[in-house]
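Report on one structure; see the data block that follows.
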Amino acid sequence: GPHEGQGTRGLSHTGWKRQPHPPLTNTLVRNHLDGKLWVAPFRSRGHWPFVVVDIDRHNAIGEQAFAETLRKVTRALPGAFVMQSSPSKGAHLYVRLPPGFLYRTGALVVLTHLTLLGLRWAEVGDAHRLRVELVEVPSQPVRLPFGLGSHRWESKDPLPKQFDAFITY
């Protein structure tokens, strides 16, 4: 979707470097697809075709709840395009937005929907003293798909075919 800036991140899990200008370049996208770094659009503007739901495995609770969380979220968001997000084997679910939606507006609507369904948080421990976020819907677009470790969820199709399916979506 339309954006003004870019975010880049090295593969050594350094922090994201965000720049308000310029937008992503073909070279950055190619490097992302070649697995040399991760890139993301930054400062989204105008209509976006989708919003992304992020389900991670960053801690033991998230790992334990991952399969069930993914099952429940895909049931709550039928038609989402599900991707493995990275080598950590988390998931990004691309949810189509109606025409005219800004990314951040779509993110707020989807986050509210998942929160009202009780899918966002896990409360664990004695008296549920620990609260862990299982599902995130970032207010900015996430990194592009098909970078290092990213492919369509459980697909055995060659990456070019997966890429075509994503573009069609």
Side-chain angles (χ1 to χ4, degrees), residues 1-3 5-9 13 15-16 18 24 29 32-33 37-124 130-155 157 159 162-169:
H3 62 284
Q6 57 181 273
T8 58
R9 181 176 165 193
H13 296 288
W16 281 94
R18 301 197 192 281
L24 291 174
V29 172
H32 171 84
L33 293 173
L37 74 158
W38 283 303
V39 300
F42 183 57
R43 298 182 74 188
S44 61
R45 296 289 182 249
H47 165 74
W48 270 68
F50 57 81
V51 68
V52 177
V53 176
D54 186 11
I55 306 173
D56 289 319
R57 299 173 171 223
H58 290 311
N59 55 54
I61 295 166
E63 176 65 34
Q64 182 179 16
F66 181 82
E68 183 69 9
T69 301
L70 181 60
R71 186 183 66 73
K72 288 178 178 179
V73 172
T74 54
R75 192 172 353 137
L77 300 169
F81 194 96
V82 184
M83 299 281 301
Q84 179 174 302
S85 59
S86 69
S88 70
K89 299 182 181 177
H92 284 170
L93 287 77
Y94 290 78
V95 180
R96 184 159 299 289
L97 293 175
F101 262 67
L102 301 176
Y103 188 95
R104 68 181 171 274
T105 304
L108 182 60
V109 169
V110 171
L111 182 62
T112 300
H113 176 64
L114 295 174
T115 301
L116 290 173
L117 291 175
L119 299 176
R120 185 171 177 204
W121 300 96
E123 294 179 353
V124 294
L130 178 62
R131 190 173 194 192
V132 176
E133 187 174 38
L134 298 175
V135 177
E136 180 185 5
V137 186
S139 61
Q140 285 286 327
V142 299
R143 70 180 164 271
L144 299 181
F146 298 105
L148 182 66
S150 177
H151 55 81
R152 192 166 191 184
W153 195 260
E154 296 185 342
S155 177
D157 290 337
L159 280 179
Q162 294 179 42
F163 191 76
D164 288 344
F166 182 78
I167 296 298
T168 301
Y169 175 79

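Numbers here simply count residues along the sequence, with the first being 1.
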- Task: Measure the spacing between NE2 of H113 and CZ of R120 and express it to the nearest 0.5 Å.
- Result: 14.0 Å
- Task: Show your working on side chain to side chain contact (heavy atoms under 4.5 Å, CB included) between L77 and L114 and close with a plain yes or no.
- Result: CA-CA 9 Å; L77 300 169; L114 295 174; 4.2 Å; yes
- Message: Using side-chain heavy atoms (C-beta onward) and a distance below 4.5 Å, is L102 in contact with L97?
- Response: no
- pair Q6-V39: side-chain heavy atoms closer than 4.5 Å: no
- Message: With heavy-atom distances below 4.5 Å as the criterion, would you say the side chains of W153 and M83 are in contact?
- Response: no
- Query: Just how far is it from atom CZ of F42 to atom CG of L24, taken to the nearest 0.5 Å?
  - Reply: 11.5 Å
- Message: Working to the nearest 0.5 angstrom, can you tell me the gap between H58 NE2 and S88 OG?
- Response: 6.0 Å
Please set out all donor-acceptor pairs under 3.5 angstrom arising from side-chain atoms of residues 134-144, sequence neighbours excluded.
residue, atom, partner, partner atom, Å
Q140, OE1, R43, N, 2.9
R143, NH2, S85, O, 3.4

- Neighbour count >12 (heavy atoms, 6.0 Å) for atom CD, Q64: no
- Check whether any side-chain N or O of R18 sits under 3.5 Å from a backbone N or O of G5 as a donor-acceptor pair, and report yes or no. no
- Message: With side chain to side chain contact (heavy atoms under 4.5 Å, CB included) as the criterion, how do F166 and R152 come out once you've worked through the C-alpha distance, each side chain's angles and the decisive distance to 0.1 Å?
- Response: CA-CA 8 Å; F166 182 78; R152 192 166 191 184; over 6 Å; no
Without placing hydrogens or testing angles, list every side-chain donor-acceptor pair under 3.5 Å for residues 103-111, not counting sequence neighbours.
residue, atom, partner, partner atom, Å
Y103, OH, V52, N, 3.1

- Message: Please determine whether the number of non-hydrogen atoms from other residues, nucleotides or ligands lying under 6.0 Å from atom CZ of F163 exceeds 12.
- Response: no
- To the nearest 0.5 Å, how far apart are CG in D56 and CD in E133? 9.0 Å
- Query: Does F101 reach the side chain of P49, with side-chain heavy atoms less than 4.5 Å apart?
  - Reply: no
